[in-house]
2 protein chains.
Amino acid sequence: MGGGLAHRVPDLGALELLLAVARLGSLGGAAREVGITQPAASSRIRSMERQLGVALVDRSPRGSRLTDAGALVTDWARRIVAAAEAFDAGAQALRVRRDSRLRVAASMTIAEYLLPGWLLALRAGRPDTAVSLHAGNSATVAERLLSDEADLGFVEGLTVPAGLDSVVIAHDHLIVVTAPGHAWARRRRPLASTELAATPLILREKGSGTRQVLDAALGGLARPLIELSSTTAVKAAVVSGAGPAVLSELAVGEELAMRRLVRVPVEGVSLARDLRAVWPTGHRPVGPARDLLSLTRA
Amino acid sequence: MGGGLAHRVPDLGALELLLAVARLGSLGGAAREVGITQPAASSRIRSMERQLGVALVDRSPRGSRLTDAGALVTDWARRIVAAAEAFDAGAQALRVRRDSRLRVAASMTIAEYLLPGWLLALRAGRPDTAVSLHAGNSATVAERLLSDEADLGFVEGLTVPAGLDSVVIAHDHLIVVTAPGHAWARRRRPLASTELAATPLILREKGSGTRQVLDAALGGLARPLIELSSTTAVKAAVVSGAGPAVLSELAVGEELAMRRLVRVPVEGVSLARDLRAVWPTGHRPVGPARDLLSLTRA
DNA sequence: ATGAGGGCATAAGCTGTCTTTATGAGCGGT
DNA sequence: ACCGCTCATAAAGACAGCTTATGCCCTCAT
């Protein structure tokens, strides 16, 4: 009963269909838009209603409108579809095509959390630009740029690799997070940096970018409660109540919005780091690379 | 080519399976966890790799590890699954069960954007609590509470309906948003409130909570460029570049993260409003209602 | 009134996907 | 060398979803 999400949530096709019905106010019209026949759409919506146990649309001989519950469900569905669009944008870029017009190399965090959104925006403006993506650490990004295997790079370190020009495109903040039940979640005053340094934390392994920034900010004092090898593992541990952690706000946006994690304000430490776009010195980005770069600086 | 997302993105079952593989490091183990056989899991992962055109796992006689690309895809998948979990939490609450132990009435914005997350958190702590949800405006929320059809309510108006006690659980900020291509998106200095009042905006219809707050803050001066009847329609119009709008930050979090919308800083206006939990005067929430209430105040 | 058109429902048949069962084969620790 | 874990392959069955072909209902215009 814990799993089986797929049996309780309609599939993407059904959700897209529902969004089309919401937008067009007609089952048949929605059917046409998604490329199926009207009876198929009708049946699909109906089985979705059976699955959820809630009426979603009011069917009338002159169209179909969402019920109140339907409007709510549609909005929740929209988020799933949005996440799926980001997935799709990323996955298309990941497919290796050596004839890709725009080759991007990015650090893990940026590739995971930021690039899909940028690619969606890029696709909106330049639908035909084929993009390929390679994710790695700062060193591999630099390597690919310098050997002309990538047109544009993104890094998040404290320093810019040699041989590259860069612009700062955003500032990433490391933030302290806990499970909602943790004592820190109910604090009314910001945490002092000394308190943070004195408390055992769930940490990434030494050498990770996040860990480096934290150690630097705290003067190498961060105490490990556990050390884990991926951001995801750290998040999971925090959510399960194992303790507090310090993570990029990019990595925990979703969890904060869903209230699975709580942000704890801190004072007296600077946990910011720059996110930079990089390219070989002198080779100013042109064409699609320039477009992507300008998108990131909104 | 515009639609067909469902043909390019694996279904939820496959994504869950992939997450299980990532967590357990074994196809067979993942298969067991999601309740299918090992060959089924193997075949499903393989067809996902065909679909995406990328190898996701390294299969070895002593387990399966994610490839680099696989790790990236898995993280994108995690977001879809998280959205699906929120959908599920909301949908379960929506299913009308008169024997529900906790009956919640909430305003639209809160029901859409905040409640699913809270319900997930509540479920984590109290898996067996059955919740029912009714969404409406402040007046209907009050009505349901006073007629004992709901145990706890959430409203977002400027005032608290008569007969109810309340606590502020969060502050919602209305923010100015535009498409990334809009001139305001490149501003370096905050917008003056007079500029905002002088510019025709995409607005919700008069009478909506959002519109009320905006009109109050601007002294009834907001100029409509168009008036639309749902937050979603407004967002769509803004994304398509029709013009700027003022919306709850709750409603546009996703779009901002995906860079489909850009936030424009404003100075000189207070566009905050309180989100409150409410209950009949004297009837302090107890039991599950109290649990939910305390979750919301993190 | 009456016919045209848009909208939705139902029925029957087909197709494709995903599943299970059954089996084989590689690698590692005992 | 053997047991236990891993994964792969093959064949057959179950199920969900699609399409085509109808029919009914409602509204609007003639």
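Any value given below was found using the heavy atoms of this structure, including those in side chains, with hydrogens, waters and symmetry copies removed. Labels below follow one simple rule: chain letters A, B, ... track the order of the sequence lines, proteins then strands, and each chain is numbered from 1.
Checked against D:dT9, C:dT19, C:dG26, the side chain of B:P61 finds its nearest nucleotide in C:dG26. The listed nucleotides are C:dG7, C:dT19, C:dA9; the one nearest the side chain of A:S26 is C:dG7. Nearest nucleotide to the side chain of B:S43, out of C:dT19, C:dT20, D:dC7: C:dT19.
Between the CZ atom of A:R32 and the P atom of D:dC18 there is a distance of 16 Å, given to the nearest Å. Rounded to an integer number of Å, the gap from A:M48 CE to D:dG17 P is 11 Å. Here C:dG7 presents its P atom at 14 Å from CD of A:E33, a figure rounded to the nearest Å. One can place CZ of A:R46 at 12 Å from P of C:dA11, the figure rounded to the nearest angstrom. With rounding to whole Å, B:I36 atom CD1 is found 21 Å from D:dG13 atom P. We find that CZ of A:R50 is positioned 13 Å from P of C:dA9, with the value rounded to whole Å. A:Q38 places its CD atom 15 Å from the P atom of D:dA21, with the value rounded to the nearest Å. Rounding to whole angstrom units, CZ of residue A:R44 and P of D:dG17 are separated by 6 Å.
You'll find the side chain of B:Q92 reaches within 4.5 Å of the side chain of B:D88, heavy atoms only.
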For this session: Start with the C-alpha gap between A:E85 and B:R260, add the side-chain angles, then the distance that decides, and say whether salt bridge (Lys or Arg N to Asp or Glu O under 4.0 Å) holds.
Result: CA-CA 12 Å; A:E85 281 171 350; B:R260 301 209 291 197; 3.3 Å; yes
For this session: Tell me, with the steps shown, if B:E227 and B:R204 meet salt bridge (Lys or Arg N to Asp or Glu O under 4.0 Å).
Result: CA-CA 5 Å; B:E227 293 192 345; B:R204 286 286 303 279; over 6 Å; no
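Note on A:E49 versus A:R44: no salt bridge recorded, every NZ/NE/NH1/NH2 to OD/OE distance being 4.0 Å or above.
A close approach under 4.0 Å does not occur between any side-chain nitrogen or oxygen of A:T37 and OP1 or OP2 of D:dC18. At the phosphate of C:dA9, OP1 or OP2 sits under 4.0 Å from a side-chain N or O atom of A:R59. Between B:S47 and C:dT17 there is no side-chain polar atom (N or O) within less than 4.0 angstrom of OP1 or OP2. Applying the 4.0 Å criterion to OP1 and OP2 of C:dA9, one finds that A:S42 has a side-chain N or O inside that range.
Residue contacts shown for B:R65 are absent, as no nucleic acid heavy atom lies under 4.0 Å away.
Aromatic pair B:W118/B:F154: centroids less than 6.0 angstrom apart.
In terms of position along DNA chain C, the nucleotide closest to A:R62 lies nearer the 5' end than the nucleotide closest to the other residue of the pair A:P39 and A:R62.
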